[in-house]
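To keep things clear, I will list the structure first and then write my remarks on it.
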Amino acid sequence: MNNKWTLLVSFSLRAFLFSPIVYSFPEEMKRGSVIGNIAKDLGLNVNRLSSRKARIDTEGNRKRYCDINLNTGELTVAERIDREGLCGKKASCVLNQELVLENPLELRRISLLVQDINDNNPFFGKGVIDMEISESAVKGKRFLLEEANDADIGQHSVQSYSIQDNEYFHLSVQSNSLGEKYAEIILNKELDREQQKDLTLILTAVDGGTPPRSGTVAIHVTVLDANDNAPVFSQAVYKVSLPENSPLDTVVVTVSATDADEGQNGDVTYEFSHVMEGFKQLFYLDRKTGVISIKGPVDFEEETTFNLRIIAKDGSGLTSYSNVIISISDINDNSPILIVKSLNSPIPENALPGTEVGIINVQDRDSENNGQVRCSIQQNVPFKLVPSIKNYYSLVTTGELDRELLSDYNITIAATDEGSPPLSSTKNIHLTVADVNDNPPAFQEQSYRAHVQENNKPGSSICSVSATDPDWRQNGTVVYSLLSSDVTGAQRDISESDSMKQNLIVSVRDNGQPSLSATCALVTLYCCCPWCCISFYVV
Ligand SMILES: *[C@@H]1O[C@H](CO)[C@@H](O)[C@H](O)[C@H]1NC(C)=O
Ligand SMILES: *[C@@H]1O[C@H](CO)[C@@H](O)[C@H](O)[C@H]1NC(C)=O
């Protein structure tokens, strides 16, 4: 399956954001199917994908449809991709995904161009089309038939109609200005109600797939005594624009069709034709008045244009169609969202100014100015945001850190969009500073004195010296040792009467790797007798 699907846009090696890499492949591929090798296509080193935390990300709350295999660099299908469910009748179905790499941060846009496969049959809304045709209808009179719908697009949508052979009607298939096929039956031989009061014909719609799929419906014609006309819409297309979030019951547009007939034959009612179920939850069409009003929340971020096909019917079932195109305009109704994509906490206190400690992504689902976001830190902290690619920022240090002064930072990042009024949000980032063994221990006093008495028991304390080290744990744990413990020297010295004092030198180091040590402290011992100052040790 490798490389079976075309890679549409080839990619210059360092190509940037503005040229997404496009993979084109059919819908409904199995989970795990290979779409292409993105590492190869982007010239990335496969061995570094893991260490660069390569991952597929999406914009906003959208689903992730593909995954990257970190061992091979292959892009695989992660979710069922049903083109009809995702894109309906749109001519081009594009899913935008992003490949994010760190160290250094890189972002590559991936567009999945989902191709239609012929997986839907044409179908008619109902099992039987009921028509009433007057026996006085003249030969050559045309009657529009209800359309078949096919959820697939292009060649896979309905391409032709056929009707079973019969003596009264033949079929004519035409295209309207939008290129949609519709069928009419044309009277071949005049009907005679007294001879045959009804007839049934089978109509078949066929799509253009290989192999083609088809759907059928029965047309039941009741032969009437009276003559009538089909309704006629005042416009073939009604175009309106509507702000998103408009309140319920707001009137969007009123469609209107007139019928030249009198009485029941001229009574026009309106219905949605083949309209996506989701759209029917949002718009209400009044059967009698043709008023279309809002029934559910209309969200620009979900759908920007609605195309509603409306059918008008008169009392005897003659029909005509019109389209209502509703363009939704954006309102600033989404606050920016700040997402911490990566955070190196704790950060060592000796990190150089300019060290990247985190990656922040900001998203705003609104469009244009409403979706333009600025981020800032409004505190006096040694960190700043550096705009990176697209809507990514690097959080970097701007000065030296000192854990012994401040070991925690609570950084508040504010994001504000450019809508009017603007919307904003904040995110707190808690960052801790990790210790580095950068402080040597220090004695509290530079010199100490002690008097050593007679009859000292071994192990008794003579004097205590003390040093402190502000570093953390073992980096701040102090260990003492006696530098000059030359006891014989001491004996020699104190044999002279004016040298009943003895100098000891104590050093201290911390337990860091490597350890730091302090300048030594001098301990002067005053010995009461020559044998008092025999030996010492430090605990
Ligand atoms: C950080 O600061 C914000 C606002 O000043 C506060 O609401 C939040 O509780 C703080 N978080 C921590 C972990 O101190
Ligand atoms: C002590 O400092 C070293 C660097 O000098 C550091 O790697 C280590 O993590 C520190 N130890 C602790 C417990 O913070």
Side-chain angles (χ1 to χ4, degrees), residues 45 47-55 70 100-106 339-361 377 379-386 388 392-413 427-448 464-485 504-523 537-539:
N45 182 348
N47 300 328
R48 293 207 54 217
L49 291 178
S50 269
S51 63
R52 295 192 64 191
K53 298 183 189 164
R55 58 187 184 265
L70 293 179
V100 181
L101 297 152
E102 293 184 12
N103 185 27
L105 176 64
E106 254 183 275
I339 301 159
V340 179
K341 288 281 181 181
S342 139
L343 185 65
N344 299 330
S345 176
I347 171 178
E349 58 179 322
N350 64 352
L352 293 175
T355 301
E356 182 177 272
V357 297
I359 295 170
I360 313 295
N361 177 238
I377 298 175
Q379 293 159 299
N380 188 16
V381 287
F383 297 95
K384 66 173 178 184
L385 289 172
V386 178
S388 182
Y392 281 83
Y393 291 82
S394 291
L395 180 65
V396 301
T397 58
T398 56
E400 315 233 315
L401 304 177
D402 185 357
R403 190 201 65 86
E404 287 72 39
L405 279 181
L406 199 51
S407 62
D408 283 273
Y409 288 95
N410 182 6
I411 305 168
T412 304
I413 297 179
K427 178 112 197 159
N428 292 319
I429 294 184
H430 186 240
L431 199 69
T432 55
V433 179
D435 189 39
V436 164
N437 193 15
D438 57 354
N439 290 284
F443 281 103
Q444 271 158 4
E445 309 286 342
Q446 282 316 304
S447 61
Y448 297 83
S464 78
V465 299
S466 161
T468 54
D469 184 323
D471 289 318
W472 183 243
R473 299 255 162 95
Q474 67 262 39
N475 292 339
T477 305
V478 295
V479 180
Y480 302 94
S481 58
L482 203 52
L483 260 199
S484 136
S485 57
L504 295 180
I505 294 175
V506 180
S507 84
V508 63
R509 61 173 175 85
D510 61 29
N511 253 344
Q513 286 287 348
S515 75
L516 296 176
S517 49
T519 45
C520 306
L522 180 69
V523 182
Y537 58 95
V538 172
V539 291

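Counting convention: from 1, in listed order, for ligands and their atoms alike.
Sorted by chain then number, the residues whose non-hydrogen atoms approach ligand 2 to under 4.0 Å are Asp435, Val436, Asn437, Trp472, Arg473, Gln474, Asn475.
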Task: Working for side-chain contact (heavy atoms from CB on, under 4.5 Å), residues Tyr448 and Val506 - done: CA-CA 10 Å; Tyr448 297 83; Val506 180; over 6 Å; no
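At least one side-chain heavy atom of Ile377 sits less than 4.5 Å from a side-chain heavy atom of Leu395. Counting heavy atoms from C-beta on, the side chains of Tyr393 and Ile413 never come closer than 4.5 Å.
Pairs passing the salt bridge (charged side-chain N to carboxylate O under 4.0 Å, His left out) check and including a residue from residues 339-360, sequence neighbours excluded, read Asp57-Lys341.
Using cut-offs of 30° and 60° for the angle between ring planes, the Phe383 and Tyr409 rings count as perpendicular.
With rounding to the nearest 0.5 angstrom, the CG atom of Leu406 is 11.0 Å from the OG1 atom of Thr432.
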